[in-house]
Amino acid sequence: MTAYLGRLTVLDDTNLSLVWPAAGILVVWFVAQRGSRWQWLDVLSLSAITMTVNLATGASAALAAFFVAANLVQAYLFTALFHRWLPESVTSSDHGEGLSRLWQVWRLVGAAAIASGAGALIGPTGVWLTGGEYSWPGALVWVTRNVVSILLISIAVRGVGRSWVRRHTYRPRALPIGRTLEYALLSVASVAAYYLMFGLANDLPAAFALIAMTVWAGVRLNTTYVVLHNLMFGTLAVLFTLAGEGPFAMIASHPVRALVAQLFVGTVAIVGLSLALSRDERNALTARLREQAQLLTTVIESVSEGIGVVDEQGAFLVRNPAMGRLLGGFTSLDESAEAATYYGVFHLDGTPVAEDDLPQRRVLAGEQLAPTEYLIRNAGVPEGRIVKVTAVLLPGHINEQPHAVVAVYDVTADRRHRDELANFAGVVAHDLLNPLATVEGWSDALLEDLDDPAALVDGIGRIQRASARMRTLIDDLLVYTTARDAALMPAYCDLTSLLADITAGRIDHAQSAGEAVPSFRCGDLAAVDGDPLLVRQLLENLIGNAIKYTAPGVTPAITVTTAADPDGDGLTRVEITDNGIGIPAGHHDAVFGNFHRAHRDTDYTGTGLGLAICKRIVERHGGTIAAADNPAGPGTRISFTLPSATIPARAPTGPNTHRVPSSFDQAR
């Protein structure tokens, strides 16, 4: 039918039609049928229809054959380009998305132009070979009419299909009365304008003024309506021209008349669709930005840290509720920051903060500011609150002004805990240093004054070693307290040497106290990467527990082994097995909690923090720790993982080399 209608628009003996809607119908069908096993039937049908229509409308058989070849080449080339350049439109068309971006329209125009150009190399050539004269204007008309037909019909089909799918997928919303009246007004105005231009004042070359109707539709109304508006009134312009009415009918040359009419229709279609899709993209982008802004606002308002964005005049662009809470509930009545005295901002030594020393002022003045702590004391927080403030300059300008981002964190509890721990460490160090100095002094005096110190050298040597270990422990405790909040400082840890020192101290203590001397089986242990101080404390706690929780009359026997962790890449598993009283059933996980004592009703004393400290040390190194029963008998097996050493172990050298004492050493 469309092929027959197109043949009815032949203007002269060139046998070229003014319009060819079959081109648009054909490419839409071929795109939809691409890959179908019945496509060969489409080719046969197209060939038969084209031959029949052209022969019935006066074309020769040879010319009709050229037109068949031109249409097939055009359809196949467009289909290939469409699937290559617009694959997302092909895969989403079933869901009603279709062509929804401006760049997709330009790719569609390009594919239509290339495919129509290929067809023009065959169709007009057939006219020349069968008629004896080649018409360059006729070839240009061929390209223009087919491009316009493909553009209008393919966009109309996809636009209507998108609206149809959405209407049956989502419940359509009723249009406001004002928008409904606007649709009606534009439709009536367009009919009147086209009738005036093409029916009444048809000798005035002012058809360009009709683009105003298209601009109105593209800027204001639904994209599907814009597509249908373009198709309907473009068709109306062509019908008037065919009837000899309108400004285009005044052109004497038939090819030029057809070319101008098609250019008008194509221009109207592209302008309207470009405006509509640009508006749709802008609206979609605005909606996404609005959603992101809402999400960002929700996040900022929900965090516990105070966040504010302020300009040079102190006006807040953003200020979340946490900012007011951290400042004791003191917030400005307007959207501008008040003076430092209003909020009660002091330095940690109690001196007031000057206005020019406020973090946002210093950052906006061009200073690079490190995180700084301040004291907030006002009627809302009379006891005082310590906050850490960070301020950075926003890149660029907002409303032609620089802005600073200020973040406020409450560090009162951390600061108090740190101060309490430091005070505790200081008291412990002070209380232990005095008796330690006494022990060291008397040890030195005994060695110097005794005529024959051989009998006492061994005992005094043990005292000196214990004193040295005590001093090392105190020094390490002070260092650990000072660096409590700092990052870990992992280093190469030789577990063999470390355990040699720990076990030697345990053996010395047992012998000096007249207790059963524990036996240790350690062998060669793998080295690990860890903070040496924390790894030592970990092993001290676990070895101490293994010795402490041993039944009366039983000699502690402890085995320490290492192996590559099968469950963790780059981790070493350490297992400490003892022959103690074990852990009651159901407590193997709970023993790592704070203040949990599995043997609360026994004579074994303790605070219940030892294994909790061990768990924290292991987890800070990225490992895990677990407790289980000794598989070989009574007792417990504690296993934990630490990062494997990244450098090879070196043989220990020097006079301070330690070796883990074996049971034979202890027997001697």
Side-chain angles (χ1 to χ4, degrees), residues 24 89 92-93 95-109 148 151-199 201 206-240 246-247 261-293:
S89 180
S92 63
S93 59
H95 303 285
E97 295 301 326
L99 300 172
S100 57
R101 299 290 185 270
L102 184 58
W103 61 267
Q104 293 176 322
V105 174
W106 289 116
R107 287 192 179 185
L108 178 65
V109 172
V148 171
L151 183 64
L152 282 176
I153 294 178
S154 61
I155 291 177
V157 169
R158 291 180 174 274
V160 173
R162 176 177 60 181
S163 297
W164 178 265
V165 171
R166 288 184 174 178
R167 179 175 292 273
H168 286 77
T169 303
Y170 309 102
R171 183 178 180 180
R173 294 179 298 178
L175 287 175
I177 296 178
R179 183 52 58 91
T180 303
L181 291 176
E182 186 174 5
Y183 277 106
L185 179 61
L186 177 57
S187 300
V188 172
S190 297
V191 171
Y194 272 80
Y195 178 71
L196 174 65
M197 190 60 60
F198 283 89
F208 62 87
L210 296 174
I211 296 181
M213 301 292 104
T214 303
V215 172
W216 180 0
V219 171
R220 294 281 301 167
L221 303 179
N222 181 270
T223 303
T224 302
Y225 174 85
V226 174
V227 172
L228 295 177
H229 183 277
N230 294 339
L231 181 62
M232 181 176 67
F233 288 100
T235 302
L236 188 62
V238 170
L239 292 176
F240 271 111
Q262 292 293 346
L263 286 176
F264 172 79
V265 175
T267 301
V268 168
I270 292 177
V271 168
L273 196 59
S274 298
L275 291 173
L277 291 180
S278 298
R279 181 204 61 217
D280 291 346
E281 290 186 32
R282 183 188 68 246
N283 292 341
L285 179 60
T286 302
R288 287 197 298 271
L289 291 176
R290 189 178 293 110
E291 291 175 359
Q292 293 176 1

Taking side chain to side chain contact (heavy atoms under 4.5 Å, CB included) as the test, write out the residues that go with [X], two or more places apart.
X: Ala284; value: Arg288
X: Leu236; value: Tyr194, Phe233, Phe240
X: Ile177; value: Leu181

Asn230 and Val226, any side-chain heavy atoms less than 4.5 Å apart: yes
Which residues share a ring pair (Phe, Tyr, Trp, His ring centres under 6.0 Å) with Tyr195, sequence neighbours left out: none
Listed once per pair and sorted, the salt bridge (charged side-chain N to carboxylate O under 4.0 Å, His left out) pairs that draw on residues 209-232, sequence neighbours left out: Glu182-Arg220
For Arg179 against Leu221, the heavy-atom pair lying closest together: CD-CD2, 3.6 Å
Minimal non-hydrogen separation, His229 against Ser190, with atom names: NE2-OG, 2.8 Å
Considering only distance and modelled atom types, tabulate donor-acceptor pairs under 3.5 Å from the side chains of residues 265-276, sequence neighbours left out.
from, atom 1, to, atom 2, distance (Å)
Thr267, OG1, Leu263, O, 2.7
Ser274, OG, Ile270, O, 2.6

From CE (Met213) to CD1 (Ile211), nearest 0.5 Å: 11.5 Å
side-chain contact (heavy atoms from CB on, under 4.5 Å) between Ser187 and Tyr225, intermediate numbers included: CA-CA 10 Å; Ser187 300; Tyr225 174 85; 2.8 Å; yes
